[in-house]
Amino acid sequence: MAAYKLGSMIDCISKPYKRMILQKIQVRHGRYPATFIDAVPKKNDLEELQKEGVMKELAFSPVKAAPNDLSSSLFRDSVINHFTNIVMRKGQKKLARELVEETFVAIKRTQLAKFHASSAESKLNIELSPRNIFHRALENCKPIIILTPIKRGGMTYQVPVPVTPKQSTFIAMKWLIEAGKNKERTVHFPEQLSKEILDAFHNQGRVVKQKQDLHKQCEANKAFAHYRWS
Amino acid sequence: MTPSVHKTLFQLGGISKSFEIQCKTFQEVCLMVRKPALEVMEYLKQANYDHPTIRYILYGRKGTGKTLTLAHLLHYGFNKKWMLLHVPWAPNWTRRPREIAPSISREGRIDMPVDAAVWLQQFKSQNEQLLKDLDLRAQKSYTWSKREVTQEGEPLLSIADHGINRMKHASDCVAVILKELREYSQKGMFTTFVAVDGVNCFFRPTDVKRENKVIVPADEITLIRAFKKLLKNDWNHGAVVVTVDEIASPVGYRDSHMPKYLLGQEGFELFEPFIPICVENYSRKEIESCLDYFIDRLWIQTEEGRTPEGKEELIFISGSNPYRLMEICKSR
């Protein structure tokens, strides 16, 4: 209850102070009690919940306040939304969204140019949808095992450790964005990022190589794996 | 529009950059045939060219399609073999002239050598065939400097070439060509089609400054002065189609998109009487046809975008505004 009241007070405070205060809030106590459910904006999802028969219980649950970037738009993709949030710096959501949209436009244009220039047979093999390309590229970039530093006996070992799906997604997105930023001064971020995504889609390029290098390192450090539990 | 015609007419301006990029992606230059363009074409067909020139003003809110309607009409004039005098985006002269020089022939006036030379190149490109067929000659001799003279009877193309080669005299060459064409057109040899995009900037303060940081009024710029003479209705065998745009005005003069406000008193008195033609947002039929075109060109790639509900959403978010629809469909 106290956490809920504090949460609503924080909403009234301006951004710089809000950041300072939120850094001090205990992470384990969220602002909402457990009974609150997430907002479900899309009609299709609501219909599916109806079919599953879950609606009876959800209909009487209180709903959390919908975040600003949640909309009932048919074109909203939660993965792309997550990606936009990671691209964002200094709270400039509008700029982040524009950059990601420009990236997808660049991907579309490259693929369409390739499509029109190719023969009728190879046209069937060219993927044109930037969203499908992004999803596949992300899958190709996700590591399944990563190294964490673990201190044993005064030495810090790089120990291979399994990674949760959420973590893996985040790491893949972060790598893609860093690769997009690693560019010449005159090249724009969306342009570079679109090239990286297309490379990752074809299982080539910097980011996939980074993932493969990490997997190789994990394989090399197999001997330290037991440090996870000792 | 075939690529060769597109290059001839619009290589040096006339269609917005974003639309050009879209045409490149779609592998074709296609304009939608809309009511305002058809209306003006009807009037142009029915007009009596022995009477003084009729002025048509295209007006509308931002992004409704005024420039592309003008481009369509320019294409129409090109097919009818009219003389095209086209200023692709007039504020380029009042806001970002590439170079300013004091005029040689008239004291106090300002010349824009590079912009004038670029216009002459565009004029040549758009009217080359027509000029060769008609073989127009200068009716007077023009002395550019002590050693450079264009004699009476030399072809007008040579004046254009002289302006392109000697940029110092380019603005004066433009003024001379416009004057000569006006006189020829009055004799009834051909019809002249004058098209200016964003004409309202001719009647507002410019961003052009002299060396002493004093702002130059539009009337003292040779190029603008020469074109203003063509916008009047004291000549015949011509048609003047012009757009007035909020964006063409300087920042403090953008309260309304209506012609009377944007032209100001001076502009309105010059243009009165004119035929105003409103360019509006897409109608239901137009926007559905536009979305179908995007789907056909493989531009709308999301599956949701191709469903009726998706199309409804796109129509709603864009507000049926052509420009907004283009921007939104980029990322769908």
| note | Interface check, chain B: of A:Lys108, A:Glu101, A:Arg131, most non-hydrogen pairs under 4.5 Å belong to A:Lys108

| field | Part of A:Leu74 lying under 4.5 Å from any heavy atom of chain B | value | both

| request: Sort A:Thr103 into side chain, backbone, both or neither according to what part of it lies under 4.5 angstrom from a heavy atom of chain B. | output: neither

| request: Return yes if a side-chain donor-acceptor contact under 3.5 Å exists between A:Ser71 and A:Arg76, otherwise no. | output: no

| said: Taking atom NE2 as the centre, does A:His116 end up with more than 12 heavy-atom neighbours from other residues, nucleotides or ligands that are less than 6.0 angstrom away? | reply: yes

| query | When only pairs under 4.5 Å are counted, which of B:Glu304, B:Gln27, B:Arg332 shares the most heavy-atom pairs with chain A? | reply | B:Arg332

| query | Quick one: what part of B:Thr302 sits under 4.5 Å from any heavy atom of chain A, side chain, backbone, both or neither? | reply | side chain

| task | Give, as side chain, backbone, both or neither, the part of B:Glu309 having an atom under 4.5 angstrom from any heavy atom of chain A. | result | both

| message | Under 4.5 Å from any heavy atom of chain B, what part of A:Phe104 do you find: side chain, backbone, both or neither? | response | neither

| task | Give, as side chain, backbone, both or neither, the part of B:Glu313 having an atom under 4.5 angstrom from any heavy atom of chain A. | result | side chain

| query | Would you find more than 12 non-hydrogen atoms of other residues, nucleotides or ligands less than 6.0 Å from B:Tyr323 atom OH? | reply | no

| Does B:Lys311 come within less than 4.0 Å of B:Asp292, counting only side-chain N to carboxylate O? | yes

| said: I'd like to know if B:Lys285 and B:Glu288 make a salt bridge, using a cut-off of under 4.0 Å between side-chain N and carboxylate O. | reply: no

| query | Taking 4.0 angstrom as the limit, do B:Glu327 and B:Arg324 come out as a salt bridge? | reply | no

